[in-house]
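Remember, it's a predicted structure, so these values are computed and weren't measured experimentally. Atoms considered below: every heavy atom in the structure, side chains included; atoms not considered: hydrogens, waters and symmetry mates.
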Amino acid sequence: MDYLKTVIPSQLVSDRGSNLVVINPGSANIRIGLATQDAPLNIPHCIARYTNQIPKFKVQDQMLNSQITTVQHMEREKAYDIIASLLKIPFLDEEVANNSFPRKIGRADGYNPQSGRGVAFQWANVYEQDTNSSLALGSSKNEGTSGEYVKKHEGTDAEGISSGERKFRGHIFGEEALRISPTEPYCLSRPIRRGHFNISQHYPLQQVLEDIHAIWDWILIEKLHIPHSERNMYSVILVLPETFDNREIKEMLSIALRDLRFSSAVVHQEGLAAVFGNGLSTACIVNMGAQVTSVVCVEDGVALPSTEKTLPFGGEDISRCLLWTQRHHQTWPQVRTDMLTKPIDLLMLNRLKESYCKIKEGELDAVTVVHSYEDGMPAGSHKTRLTALNVPPMGLFYPTLLVPDIYPPPPRSWFHDYENMLEDTLHLEYPRRPDMSDGLFPGINVGYPMWESYPIFPSKPKKEEKVGLAEAITSSILSTGRIDLQRKLFCSIQLIGGEALTAGFISAVEERVLHAIPSNEAIDTVEVLQSRTNPTFVSWKGGAILGVLDFGRDAWIYREDWIRNGIHIQSGRKYKDSYYLQAQATCYINS
């Protein structure tokens, strides 16, 4: 206790955070780093594997996406006109009608503005640098890791991935994986989609788990320089989105403890971590991710599960809407831009969105450079004037503008499980069948068909809301049922995630939420709190703070216990989380 009275915060973080790894995985990116770092690494959560299969998928998910229906197209145009009326800009057809000729678009090869906005992405090099040294010595860390995964996960020999004298890299991770040309023999996989494991008929569970393991292991070795031999000296804090179900959380714990070999782990909710990341205790957390937006209220450091709302859209949908808007207004160059089969185009559109989209009244145009990425060719540059740049981010309030034609959510039946690791499992009355003994609920490391026999509880699924952001925030706060807490939460809205950085977004949220509150509610003030930390990393930072301050470690799960016993229902010990008492599942420990 004397130490706590005298230590300064920076020294406390240095002393207790040097062996804590904080992992905050998302659908598009993973934020990961040591608790002592000011900010985490922010790396695209994807892997590209060499493949010689025919027919070849360039992207694992490309067969899942659907065509836009006529009704969806009409709803999108209607949403555009509603937004146009609010922003005081021309309606969709009104502007097209006044434009009898398409706008002139000039190609400007070699155009190089002063800012980094105009710098083109480069195709990734898919070959190992030095074939001879790579085969003989394992070459560099990156190549050695890649070769290891070829043997471990695919069983492909060196000759099977060679091209003449050059040897293809077995695996490519992160942004580099997104910059692989579609002509190269690789298939890009994203193990998490729309806030859940990306399971489909084309992407089985085992492959999803192997890909998560491979991506995380690569980051730990190559970026954080923590080899397998030293992994048992580190603990891991998993900061997980509210969208994850109990089974997904258990699988991630197994990856962290069994596969990555951390000595211990703890799970924290993303929304709860965000509150601590900004030094608050009560707030309505609005987390705007790349593919999912979620809302949850926290009171006195305890998340309220009944307030959780999940919206099936995010920043990547805004980027898609930006492309649709420009094509409709004929401002986009006549080039083949495809976010799905050419992920490098997604990188470009995300950068354009982050650079130019904002929410403000009046027409919003910008002169910029759009790049075209044709198969294997150097990027072409096209100087153009983009228009209606304030419309796409408003799609968060009017989601029919963001047509959900890509990345449909995975089948829900897979995720049902007996207990929820982010809800209280001690006081719930489950309709358990009398013929089901404790032996039906063994540890995690058993055959997966066993999980499919778990009873299903219709009262507990995590539903996706079909409403806009303002309605979701209002509904979440009002569901608390107490006027004093409601007033406090409406004045303590916290925006996190990359979209929170959009200029004008805070005032738009305040205005739209105030408008969405029913007139019979005695609430007349809405305030969004300024984030003290970068909104993109605030949950990760909160996870680091929780890990450093958790002196008792009552909530931590140890590797040996997890591998030997896993999860067991209604037994003696519950891993209590001192900051969120309903956060962990009952664990079975042999006495």
Can you name the nearest heavy-atom pair linking [X] to [Y], along with the distance?
{"X": "Thr502", "Y": "Lys358", "result": "CG2-CA, 3.9 Å"}
{"X": "Ala265", "Y": "Leu253", "result": "CB-CD2, 3.9 Å"}
{"X": "Pro393", "Y": "Phe505", "result": "O-CE1, 4.4 Å"}
{"X": "Ile219", "Y": "Leu41", "result": "CG2-CD1, 4.3 Å"}
{"X": "Ile32", "Y": "Val21", "result": "CG1-CG1, 4.2 Å"}
{"X": "Ala500", "Y": "Pro535", "result": "CB-CB, 3.8 Å"}

Is [Y] close to [X] at the side-chain level, that is, under 4.5 Å between some pair of heavy atoms?
{"X": "Phe197", "Y": "Leu209", "answer": "yes"}
{"X": "Ile43", "Y": "Glu175", "answer": "no"}
{"X": "Val286", "Y": "Val509", "answer": "no"}
{"X": "Leu257", "Y": "Ile563", "answer": "no"}
{"X": "Glu242", "Y": "Glu270", "answer": "yes"}
{"X": "Leu478", "Y": "Pro518", "answer": "yes"}
{"X": "Ile226", "Y": "Leu34", "answer": "yes"}

Test item: side-chain donor near acceptor, Gln207 and Asp211, under 3.5 Å: yes

Trp556 versus Asp550, side-chain donor and acceptor atoms under 3.5 Å: yes

Parallel, tilted or perpendicular, as decided by the 30° and 60° cut-offs, for the rings of Phe173 and Trp218: parallel

[X] (side chain) donor-acceptor with [Y] (main chain) under 3.5 angstrom:
{"X": "Ser475", "Y": "Glu471", "value": "no"}
{"X": "Arg487", "Y": "Ala522", "value": "yes"}
{"X": "Arg31", "Y": "Asn42", "value": "no"}
{"X": "Glu316", "Y": "Ala290", "value": "no"}
{"X": "Ser281", "Y": "Gly301", "value": "no"}
{"X": "Ser531", "Y": "Thr533", "value": "yes"}
{"X": "Ser476", "Y": "Thr307", "value": "yes"}
{"X": "Asn198", "Y": "Arg190", "value": "yes"}
{"X": "His45", "Y": "Gly26", "value": "yes"}
{"X": "Glu248", "Y": "His196", "value": "no"}

Sequence neighbours excluded, every pair satisfying salt bridge (Lys or Arg N to Asp or Glu O under 4.0 Å) that has a member inside residues 228-239: Asp217-Arg231

Pair listing, salt bridge (Lys or Arg N to Asp or Glu O under 4.0 Å) test, anchored in residues 499-512, at least two apart: Lys353-Glu499

What distance do [X] atom [atom1] and [Y] atom [atom2] have between them, rounded to the nearest 0.5 Å?
{"X": "Leu529", "Y": "Leu280", "atom1": "CG", "atom2": "CG", "answer": "6.0 Å"}
{"X": "Ser200", "Y": "Leu205", "atom1": "OG", "atom2": "CG", "answer": "11.5 Å"}
{"X": "Ile473", "Y": "Leu514", "atom1": "CD1", "atom2": "CG", "answer": "12.0 Å"}

Test side chain to side chain contact (heavy atoms under 4.5 Å, CB included) applied to Phe262 and Leu220, step by step: CA-CA 11 Å; Phe262 283 105; Leu220 290 169; 3.8 Å; yes

side-chain contact (heavy atoms from CB on, under 4.5 Å) partner of Phe490, chosen from Asp524, Thr474, Thr525: Thr474

From Val302, Ile496, Val298, Asp300, residue fulfilling side-chain contact (heavy atoms from CB on, under 4.5 Å) relative to Val275: Val298

Heavy atoms from other residues, nucleotides or ligands near CG of Asn232 exceed 12 (cutoff 6.0 Å): yes

For Glu299, side chain to side chain donor-acceptor pair (under 3.5 Å) partners two or more places apart: Arg482

Stepwise side chain to side chain contact (heavy atoms under 4.5 Å, CB included) check, Leu485 with Thr282: CA-CA 9 Å; Leu485 179 58; Thr282 299; 4.2 Å; yes

